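Working notes, structure below.
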Amino acid sequence: MVASVSLGSARLSFSTVWKIILSHVPFMPEFTKEWSNSAEIIVWNIRMPRILVGVLVGAALAVSGVAYQGVLRNPLADPYVLGVSSGASLGAASFILFGQELLFAGRWTLPLIAFICGVGTLLVVYRLAYIGGKVQPETLLLAGVVVQAFLGAGLSLVMSMSGEKMQTILYWLMGSLTLSDWSSGMVIVPYVLGGALVIFLFARELNLLTLGEQKAHHLGMNVERTRLIVLLAASLTAGAAVAVSGVIGFVGLVVPHIMRSLVGSDHRVLLPVSAIAGAILLTIADTAARTIMEPQELPIGVITAFLGAPFFGYLLRKRRRGLWYHE
């Protein structure tokens with residue numbers, strides 16, 4: 001974060017950047033103002049909120065990834081596997097194309113619709129997978145694939161009709177923190193912290209699930225209740241991240257794997273460590289996205305895809321050798 005806030009297309013010295021930041025911190029000694037108003041706007045109103053939102057989004061996606069992989073006992077699961085991103089994407093694209101005059105929540109109408117559609121998709125997937133009074137992880141994954149395919153077709157239809165709005169939709173689908181400000185962070189803080197806290201409170205149950213559902217049930221755990229609560233908390237957390245940043249792939253897939261190899265599979269340790277690592281990864285990716293081709297900015301999803309796709313290929317190779325963490 002220290003490095004990221006000091007880098008950008010505006011050439012500002014390290015000392016100037018941090019004098020500006022510290023001048024906004026309560027109870028700090030006052031600095032003689034040696035910088036322009038434009039420099040203060042760049043550092044305090046553009047860079048700082050963007051970095052803090054990136055930290056929240058990265059932590060949210062990583063924690064959600066740990067939760068999904070733990071509940072579904074599938075190391076290829078990520079925050080979008082049950083259709084959260086597909087539902088949010090279709091909702092956002094439809095709003096951009098058809099409903100921009102219906103700003104019932106001001107500038108927060110688009111994130112709100114994306115959030116509602118993402119969480120609503122999870123509920124539909126869960127209902128489809130609810131057979132015989134219970135939900136099997138395999139059935140849940142298949143229901144997610146079916147719903148994602150249907151929503152993907154709907155998204156393709158919307159994009160084919162988008163015309164001059166195609167660029168706006170594509171930029172949102174590739175993920176970006178460009179429009180992040182202080183209000184963005186304030187809005188998603190309750191969802192990210194609340195969802196992450198709920199997931200952490202179920203760390204012991206997630207540990208039991210790695211032993212298998214039958215063993216967890218015999219040890220006194222209500223498997224169905226735990227699965228539903230953790231999936232809802234993870235989807236609320238990921239949905240809040242998608243609502244402010246668009247779709248940023250691979251963070252929730254790659255980070256849990258790397259951290260699991262470093263600290264083990266105890267979710268009481270894995271969850272907070274993954275949150276920190278996810279925040280670091282997204283901060284690095286966002287810094288690269290806005291500095292590699294400055295003044296032009298790349299979508300942050302492009303950077304995470306370049307980082308994550310080779311790792312995904314490595315996981316597939318590893319799967320062929322039967323080396324999944326829960327086997």
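In this text, all values refer to a predicted model and were calculated from it rather than measured experimentally. For this chain, numbers begin at 1 and follow the sequence in order.
- Annotation: side-chain hydrogen bond (donor to acceptor under 3.5 Å, both in side chains) contacts involving residues 115-132, sequence neighbours excluded, are absent.
- Within the structure, no pair that satisfies the side-chain hydrogen bond (donor to acceptor under 3.5 Å, both in side chains) test touches residues 186-206, not counting sequence neighbours.
- Remark: side-chain polar atoms of Glu297 are not paired, donor with acceptor, to backbone N or O of Arg290 under 3.5 angstrom.
- Counting only distance, with no hydrogens or angles, the side chain of Ser261 and the backbone of Ile258 share a donor-acceptor pair below 3.5 Å.
- Taking CG from Leu282 and CD1 from Ile300, the interatomic distance works out to 4.0 Å, rounded to the nearest 0.5 Å.
- By the rule that hydrophobic residues join a cluster once side-chain heavy atoms approach within less than 4.5 Å of another member, Ile51 and Ile276 end up as members of separate clusters.
- Arg50 approaches Ser180 most closely through the heavy-atom pair CA-CB, 3.9 Å.
- Using a 4.5 Å heavy-atom threshold, the side chains of Met1 and Val5 count as separate.
- Between the CG atom of Leu90 and the CD atom of Gln148 there is a distance of 12.0 Å, given to the nearest 0.5 Å.
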Evaluate the criterion side chain to side chain contact (heavy atoms under 4.5 Å, CB included) for residue pair Leu232 and Val198; output intermediate values, then yes/no.
-> CA-CA 10 Å; Leu232 279 174; Val198 170; over 6 Å; no
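- Using a 4.5 Å heavy-atom threshold, the side chains of Leu82 and Tyr68 count as touching.
- Follow the hydrophobic side-chain contacts under 4.5 Å out from Trp18 and you never reach Leu7; the two are in separate clusters.
- Side-chain contact between Ile116 and Leu112 is present, with at least one heavy-atom pair separated by less than 4.5 Å.
- Summarising the local packing, CD of Glu34 is surrounded by more than 12 heavy atoms from other residues, nucleotides or ligands at distances under 6.0 Å.
- Pairs of residues two or more places apart, or lying in two chains, never qualify as salt bridge (Lys or Arg N to Asp or Glu O under 4.0 Å) while including a residue from residues 229-238.
- Of the inter-residue distances, the one linking Leu193 atom CG with Leu56 atom CG reads 7.0 Å to the nearest 0.5 angstrom.
- Expressed to the nearest 0.5 Å, how far CD1 of Ile20 lies from CE of Met48 amounts to 11.5 Å.
- A distance of 10.0 Å separates OG in Ser64 from CG in Leu271, rounded to the nearest 0.5 Å.
- When every heavy atom of Asp181 is checked against every heavy atom of Ser183, the shortest pair comes out as OD1-OG, 2.7 Å.
- Residues Val57 and Ile284 fall into different hydrophobic clusters, defined by Ile, Leu, Val, Met, Phe, Trp and Tyr side chains chained together at heavy-atom separations under 4.5 Å.
- Taking the six-membered ring for Trp and thresholds of 30 and 60 degrees, Trp44 and His24 have nearly parallel ring planes, at less than 30 degrees apart.
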